[in-house]
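Data block below; observations after.
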Amino acid sequence: MGKGSDAKADAVRQIAFVACAGSAAGKARFANAAGSCAEAVDSGFLRGECKSGCVGVGDCVKACTKGAMKLVDGKVVVDPELCDGCGDCAAKGVCPQRLIRMIPADATNFIPCSSKEPDEEKVRKICGYGCIACGECERACPEGAVKVIDEHAVINYDKCVGCAACTVKCKKKIIVDTRHDLRELKPTVAFVRCSGDGRILEALKAEGITSCAQADKAAANDERLCAYGCLGCGDCTAVCRYDAIHVVNGVAVVDPAKCVGCRDCTYACPRGLISIEPYQGAKTVPCASKAPREERGRVCSSGCIACEDCLRNCPNEAIYCDEGRITIDPEKCDDCNICQHVCQRDVIKGRTVPEYIYLQREALGLTQQGKEELA
């Protein structure tokens, strides 16, 4: 009796977890066309759909006798208060994709993806919540609790202590962390290398163009327009899950306070204007033009003309010119403001963002030397 009581006391309460947060497995298509999840999966997936995700028909919802599962806009939502951990929804034959797992009720980190697609670019195009199996979370975990299995990361809750390491290092920022704020736990943020005057978008509006991919083709041979600037149609805003990038006056602008550095926007830009920069105060040059100086002045009123005054006056040699593009090395820049002072067109911008927070440094196990380098 004593041993039985001890075992009961030591038992960890579990709840159901659906290892998929996306809508890329044909949820909208199957909503009114499939009678069961098995029927939906058996009917097959279209090109561009996730073959491993939740189809959203809701067989697990029907299997739950406690009313702990609901379908909300095609997404299965688990109520942790109502779930008693019976495992009926996770039983064989309920979810044909085997997406439902029983996890500790007090878990704080979750990886809601079961993708088996090995191609990173395909994953990014298919689903904003897809794991790209980069392994950064696995390498960062101090407890060895995260492993990449079948092309997606999986947490071993017997080892997980709920630290922020995997959350910080996740390139895709898909790890759900109920304890820490993703907007603060980030080493990098997106930066749009263009501060154009919006004339590209204005010129193409009349043509009924709705995407940057279309705009890039239409503007390629127009001598009135910058061949390197932001197209302003918002393909990047469409893929951002954090509402961190918006088109303002015809140009995409990133809000570093919201951006978590997931990189999805960098893949959406057909001109490759969006880069990932260290999350620290440093000067940036929002212009990617490689055109001759005279042409730059003609097609844009706010772009860099590559006069190199900033380069010549930088005391730290942090500025260099690469194929006509002025670039500032964030590792060398000490934010002295000299480049901004000498810039003829007021192109160089300063970014005021917080330094790495202590929690992040602690979670990543940085050495004293590393802390000094970041200070």
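Quick caveat, the model's predicted, so the values are computed rather than measured. Throughout, numbering of the chain's residues begins at 1 and tracks the sequence.
No cation-pi contact links Arg271 to Tyr228, judged by a cut-off of 6.0 Å to the six-membered ring centre and 45° from its axis.
Hydrophobic cluster membership is shared by Ile209 and Leu225, with clusters built from Ile, Leu, Val, Met, Phe, Trp and Tyr side chains linked at under 4.5 angstrom. By the rule that hydrophobic residues join a cluster once side-chain heavy atoms approach within less than 4.5 Å of another member, Leu311 and Val347 end up as members of one cluster. Ile100 is connected to Leu71 through a chain of hydrophobic side-chain contacts under 4.5 Å among Ile, Leu, Val, Met, Phe, Trp and Tyr, so both are in one cluster.
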Worksheet item: Given Asp322 and Thr327, is the side-chain hydrogen bond (donor to acceptor under 3.5 Å, both in side chains) satisfied, shown in steps?
Response: CA-CA 7 Å; Asp322 180 21; Thr327 301; 5.8 Å; no

Item to complete: Go through the steps for Cys236 and Ile274 under the test side chain to side chain contact (heavy atoms under 4.5 Å, CB included), then give the verdict.
Response: CA-CA 9 Å; Cys236 53; Ile274 308 176; 3.8 Å; yes

Fill in: side chain to side chain contact (heavy atoms under 4.5 Å, CB included) evaluation trace for Leu273 with Thr266
CA-CA 7 Å; Leu273 289 175; Thr266 67; over 6 Å; no

Practice prompt. Begin from the C-alpha positions of Arg241 and Cys262 and carry the test side chain to side chain contact (heavy atoms under 4.5 Å, CB included) through to its verdict.
Written response: CA-CA 9 Å; Arg241 290 170 282 131; Cys262 71; 3.7 Å; yes

Worksheet item: What do the steps show when you test Val41 against Gln97 for side chain to side chain contact (heavy atoms under 4.5 Å, CB included), and what is the final call?
Response: CA-CA 8 Å; Val41 172; Gln97 301 285 66; 3.9 Å; yes

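For the pairing with Ile132, the side chain to side chain contact (heavy atoms under 4.5 Å, CB included) check across Arg263, Glu151, Glu121, Lys171 returns one residue only, Lys171.
The distance from atom CG of Asn316 to atom SG of Cys339, rounded to the nearest 0.5 Å, is 10.5 Å. To the nearest 0.5 Å, the span separating SG on Cys83 from CE on Met69 amounts to 7.0 Å. Distance check: Glu138 CD to Cys166 SG gives 12.0 Å after rounding to the nearest 0.5 Å.
Taking 4.5 Å as the limit, every side-chain heavy atom of Asp88 sits out of range of all side-chain heavy atoms of Cys64. Side-chain contact between Lys159 and Asn156 is present, with at least one heavy-atom pair separated by less than 4.5 Å. Asp79 places none of its side-chain heavy atoms less than 4.5 Å from the side chain of Lys70. A 4.5 Å side-chain heavy-atom check between Val247 and Thr237 finds at least one atom pair inside the cut-off. Using a 4.5 Å cut-off on side-chain heavy atoms (C-beta onward), Ile276 and Val189 make no contact.
Closest heavy-atom contact between Gly250 and Leu201: CA-CD2, 3.8 Å. Contact between Cys212 and Asp235 at its shortest, heavy atoms only, is N-OD1, 3.0 Å.
For residues 40-81, no pair satisfies ring-ring contact (aromatic ring centres under 6.0 Å, His included), with sequence neighbours left out.
A salt bridge is absent between Lys173 and Asp264; no separation between the charged side-chain nitrogens and carboxylate oxygens falls under 4.0 Å. Using a 4.0 Å cut-off between a side-chain N of Lys or Arg and a carboxylate O of Asp or Glu, Lys290 and Glu323 qualify as a salt bridge. Taking 4.0 Å as the cut-off between side-chain N and carboxylate O, Arg224 and Asp222 count as a salt-bridged pair.
In this structure, Lys125 places its NZ atom where only 12 or fewer heavy-atom neighbours from other residues, nucleotides or ligands lie under 6.0 Å away. Summarising the local packing, CG of Asp42 is surrounded by more than 12 heavy atoms from other residues, nucleotides or ligands at distances under 6.0 Å. Heavy atoms from other residues, nucleotides or ligands lying under 6.0 Å from CG of Asn249 number 12 at most. Counting non-hydrogen atoms of neighbouring residues, nucleotides and ligands closer than 6.0 angstrom, the NZ atom of Lys66 reaches no more than 12 such neighbours. Residue Lys258 places its NZ atom among more than 12 non-hydrogen atoms of other residues, nucleotides or ligands, all under 6.0 Å distant.
With a 4.5 Å cut-off between side-chain heavy atoms of Ile, Leu, Val, Met, Phe, Trp and Tyr, the cluster of Ile174 takes in Ile15, Phe17, Ile103, Phe110, Ile111, Val146, Ile155, Tyr157, Ile175, Val176.
Between the side chains of Ser52 and Arg98, no donor-acceptor pair of N or O atoms lies under 3.5 Å. In the model, Glu120 has a side-chain atom that pairs as donor or acceptor with a side-chain atom of Tyr267 under 3.5 Å.
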